[in-house]
Amino acid sequence: LGSIKRLMRVGQILDSSLETDQKHDALRRSVGVQQILRARVGDTPWLSRPAPPGEIERPASVVLVEESQGRIVQLEVKSEVLMMMVDGAVRAVVPDVITMMRPLDGGVATIDDLWTGNLVDIVVMRAADPWYTPEGLRLGGPTAFNLFGVGRRGRST
């Protein structure tokens, strides 16, 4: 309930003429963004390698370096960002919403923006509450995306 209204508010903010930092503040205030990290893509070793025939497709890894403190950020991605780790600790995992913005204009960044040397803002917000129920986690939690061994906030499952 309210997901479409929330997404429309996110779209209004991102499509506005606000500066990037103002967009960050607006996202924190109006839609509950919990974390924003600015990081530079360092390595994409597994980004474009499909699974061998007969094997389950696993998420690809992208390694970034957080700009302000030099922390190592790792994203696990498929067609979307599924998990974010900072210095080896899980900081966000589906069903959390993990997305990216372009720092220069505050527009939406995509998986195609994860090229070595590029700078992105990684944005984390909580999904709607039903996604955190047992049924919601079964449909859209870590195991639904083959993130085996990862539970909510990094607890082993």
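Heads up: numbering here begins at 1 and tracks the sequence. Computed from heavy atoms alone, side chains included, the values below leave out hydrogens, waters and symmetry copies.
- Across every non-hydrogen atom of Val41 and Trp115, the tightest pair is CB-O, 3.2 Å.
- To the nearest 0.5 angstrom, Glu80 atom CD is 13.0 Å from Thr110 atom OG1.
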Walk me through it: do Glu76 and Leu147 pass the test side chain to side chain contact (heavy atoms under 4.5 Å, CB included)?
-> CA-CA 9 Å; Glu76 297 295 311; Leu147 290 171; 4.3 Å; yes
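- Here the closest heavy-atom approach between residue Trp131 and residue Ala127 is recorded as CD1-CB, 4.0 Å.
- Side chain of Arg38 to backbone of Ser68: no donor-acceptor contact under 3.5 angstrom is found.
- Taking CD of Gln35 as the start and CG of Asp121 as the end, the distance is 12.0 Å to the nearest 0.5 Å.
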Check the pair Asp113, Met100 against side chain to side chain contact (heavy atoms under 4.5 Å, CB included), reporting the backbone distance first and the verdict last.
-> CA-CA 9 Å; Asp113 291 298; Met100 298 176 296; 5.5 Å; no
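- You'll find the side chain of Val90 reaches within 4.5 Å of the side chain of Met83, heavy atoms only.
- The side-chain heavy atoms of Val97 and Val81, taken from C-beta on, include no pair separated by under 4.5 Å.
- Using a 4.5 Å heavy-atom cutoff, the side chains of Glu66 and Val86 are not in contact.
- Residues Val124 and Ala92 approach most closely at CG1-CB, 3.6 Å, considering heavy atoms.
- More than 12 heavy atoms of other shown residues, nucleotides or ligands fall within 6.0 angstrom of atom CD in Glu67.
- In this structure, Val10 is a member of the same hydrophobic cluster as Ile36, with clusters built from ILVMFWY side-chain heavy atoms closer than 4.5 Å.
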Could you give me the CA-CA distance, side-chain angles and deciding distance for Leu14 and Met101, then say whether side chain to side chain contact (heavy atoms under 4.5 Å, CB included) is met?
-> CA-CA 9 Å; Leu14 296 179; Met101 295 171 62; 3.6 Å; yes
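- Residue Ile98 is grouped with residue Val77 when hydrophobic side chains (ILVMFWY) are merged at heavy-atom distances under 4.5 angstrom, including chains of intermediate members.
- Distance alone, capped at 3.5 Å, is enough to place a donor-acceptor pair between the Arg102 side chain and the Val108 backbone.
- Across all their heavy atoms, Ser16 and Ile13 have their closest contact at OG-O, 2.7 Å.
- Looking at every heavy atom in both residues, Val93 comes nearest to Pro142 through CG2-CG, 3.8 Å.
- Residues Val63 and Val73 have side chains not in contact (no heavy-atom distance under 4.5 Å, counting atoms from C-beta outward).
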Decide yes or no on side chain to side chain contact (heavy atoms under 4.5 Å, CB included) for Val123 and Lys23, but give the supporting numbers first.
-> CA-CA 11 Å; Val123 180; Lys23 288 181 182 184; over 6 Å; no
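- Hydrophobic clustering (ILVMFWY, side-chain heavy atoms < 4.5 Å, transitive): Leu27 and Met84 are in distinct clusters.
- Residues Val120 and Ile111 fall within the same hydrophobic cluster, defined by Ile, Leu, Val, Met, Phe, Trp and Tyr side chains chained together at heavy-atom separations under 4.5 Å.
- Evaluated for a side-chain contact (heavy atoms from CB on, under 4.5 Å) with Leu64, the options Leu75, Leu37, Asp43 yield exactly one hit, Leu75.
- In this structure, the side chain of Arg40 engages the main chain of Gly117 through a donor-acceptor pair within 3.5 Å.
- Using a 4.5 Å cut-off on side-chain heavy atoms (C-beta onward), Lys5 and Met8 make no contact.
- Transitive grouping of hydrophobic side chains (ILVMFWY, heavy atoms separated by less than 4.5 Å) brings Leu82 and Met85 into a common cluster.
- Closest non-hydrogen pair, Arg9 versus Ser30, comes out as NE-OG, 3.7 Å.
- Contact check for Asp96 versus Tyr132: side-chain heavy atoms found under the 4.5 Å cut-off.
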